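Below is one structure, written out as structure tokens, with a few remarks after it.
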Amino acid sequence: MKHHGETFSLANGVAIPCLGFGTWQMKEGPETVAAIQKALELGYRHIDTAAYYQNERSVGQAVRASGLPREAVFVTSKVWNTERGYESTLRAFDRTMEKLGLDYLDLYLIHWPAAANRFDNWEDINGQTWRAMTELYQQGRVRAIGVSNFLPHHLEPLLKTLPAVNQVECNPGCQQKQTLAYCRDHGILVEAWSPLGSGRVLENATLQALGKQYGKSAAQICLRWCLEQGVLPLPKSVTPQRIQENTAIFDFALPPEDMARIAALPPFGGSGHDPDQIAF
Ligand code: A2P
């Protein structure tokens, strides 16, 4: 069972705290700084941001103000879709680091693959972006590199220099069984964005019933469901009580029969974003 403060190990040996704090939809400003500071106070040691979220300055500010040594906090950011390619990825990384105000990054991800329906040369574009990422890694400016929203056919061409991480939408309503199996087989750690289905999946009767059974909320069931599969959840919240609730997932386990009940659920509550069809 994973305990609070425990880590997953990335393919290159880097340790990554097994619960992360998601910051999507939290815009630059005092509310975001306060929420991240609260999360750090409550023991989160892993903050997930992206250039696209427009909150990197606030993330950096909160990390610096926490009084924690830099190496005690794991920070992830991502290169946005308009910056794909070798040169622009390198420039985007510099901008991200300037905004964060940090000396190094822990994990840098390609936010979305170039979509096959928009780009005939999607594979080449992803390859150029990935070449910049591997260079940043070799220079020691980032401790691990990976991708987000990549399906097996997007991952395949990158396997020569293995992505350490694939961050995908993943919750009981959008289980990503094929991508999870592929990543497990290749030693790629999966991180879950929207592990609570952005709140959409929390009314599900099975999750509610399991919550009752364990004296937990449906949200905590979703997060524990991730951990049981070796998936690293990144719940987002600006509400102190929820930020805390989302850390109380280390004092119970979901046995195989409960995991099977969730596995048997038909898809519900996904965002509908297909990485091969996205229009952004
Ligand atoms: P808020 O930020 O207002 O607290 P996800 O991480 O899946 O994208 O879900 C984030 C959404 O779920 C946010 O709207 C957040 O609201 C809400 N949320 C976060 N934690 C909980 C929780 N423990 N119970 C219910 N809703 C939650």
Side-chain angles (χ1 to χ4, degrees), residues 8 16-27 32 35-36 39 44 46-55 59 74 76-78 80-81 107 109-113 115 146-151 154 165-180 183 188-204 206-208 210-211 216-239 242-249 254 259 262-263 265-280:
F8 286 114
I16 179 169
C18 73
L19 171 67
F21 187 70
T23 65
W24 180 45
Q25 290 176 330
M26 293 168 55
K27 289 278 175 257
T32 295
I36 297 167
Y44 286 84
H46 172 178
I47 312 293
D48 183 89
T49 182
Y52 183 70
Y53 302 168
Q54 295 179 34
N55 62 22
V59 169
F74 192 101
T76 300
S77 193
K78 315 186 189 82
W80 183 240
N81 302 353
L107 178 64
L109 306 178
I110 302 179
H111 207 142
W112 289 87
V147 297
S148 182
N149 302 301
F150 274 45
L151 301 172
H154 300 119
V165 163
N166 187 16
Q167 183 182 126
V168 300
E169 179 178 8
C170 184
N171 59 61
C174 175
Q175 298 194 12
Q176 303 279 19
K177 288 177 187 162
Q178 278 174 338
T179 300
L180 261 57
C183 288
I188 300 170
L189 177 74
V190 172
E191 297 180 340
W193 63 261
S194 279
L196 313 175
S198 296
R200 284 184 305 270
V201 305
L202 302 179
E203 299 304 315
N204 177 269
T206 302
L207 298 178
Q208 292 272 344
L210 285 169
K216 292 285 171 183
S217 66
Q220 290 166 325
I221 298 293
C222 289
L223 300 173
R224 188 71 220 180
W225 172 83
C226 285
L227 292 178
E228 300 294 357
Q229 310 183 85
V231 169
L232 189 158
L234 299 167
K236 171 260 166 188
S237 176
V238 293
T239 317
R242 289 173 169 173
I243 294 175
Q244 178 148 40
E245 178 184 326
N246 296 344
T247 69
I249 55 173
L254 292 172
M259 292 299 286
I262 298 177
L265 294 173
F268 65 98
S271 69
H273 289 319
D274 175 345
D276 268 329
Q277 304 290 333
I278 52 160
F280 52 86

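Being a predicted model, the structure only gives us computed values, none of them experimental.
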Walk me through it: do Trp24 and Leu234 pass the test side chain to side chain contact (heavy atoms under 4.5 Å, CB included)? CA-CA 10 Å; Trp24 180 45; Leu234 299 167; over 6 Å; no
Is [X] reaching over with its side chain to a backbone N or O of [Y], donor-acceptor style, under 3.5 angstrom?
X      : Y      : answer
Ser198 : Arg200 : no
Lys78  : Tyr53  : no
Asn149 : Pro275 : no
His154 : Pro113 : no
Gln176 : Val168 : no
Gln175 : Ile262 : yes
Thr23  : Asp48  : yes
Tyr52  : Asn81  : no
Lys236 : Trp193 : no
Gln220 : Glu245 : yes

Rounded to the nearest 0.5 Å, what separation is found between the [atom1] atom of [X] and the [atom2] atom of [Y]?
X      : Y      : atom1 : atom2 : result
Glu169 : Thr179 : CD    : OG1   : 11.0 Å
Lys177 : Cys170 : NZ    : SG    : 11.0 Å
Asp274 : Leu151 : CG    : CG    : 6.5 Å
Ile110 : Trp80  : CD1   : CH2   : 13.0 Å
Ile249 : Leu19  : CD1   : CG    : 5.0 Å

Taking the side chain as every heavy atom from C-beta outward, state whether [X] and [Y] have any atom pair closer than 4.5 Å.
X      : Y      : value
Ile221 : Arg224 : no
Leu202 : Leu207 : no
Leu180 : Cys183 : no
Pro195 : Cys222 : no
Gln229 : Val190 : no

Atom of [X], atom of [Y] and distance for their closest heavy-atom approach:
X      : Y      : answer
Leu109 : Val147 : CD2-N, 3.6 Å
Pro172 : Trp225 : N-CZ3, 3.7 Å
Arg242 : Ser237 : CB-OG, 3.4 Å
Phe268 : Val201 : CE1-CB, 3.5 Å
Asn246 : Ala219 : OD1-CB, 4.2 Å

Take a 6.0 Å sphere around CD of Gln208 and say whether it holds more than 12 heavy atoms from other residues, nucleotides or ligands.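 Atom CD in Gln208 is packed in, count exceeds 12.
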Decide yes or no on side chain to side chain contact (heavy atoms under 4.5 Å, CB included) for Val231 and Phe8, but give the supporting numbers first. CA-CA 9 Å; Val231 169; Phe8 286 114; over 6 Å; no
Asn55 and Thr32: side-chain donor and acceptor closer than 3.5 Å?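 Not at all, the side chains of Asn55 and Thr32 share no donor-acceptor pair under 3.5 Å.
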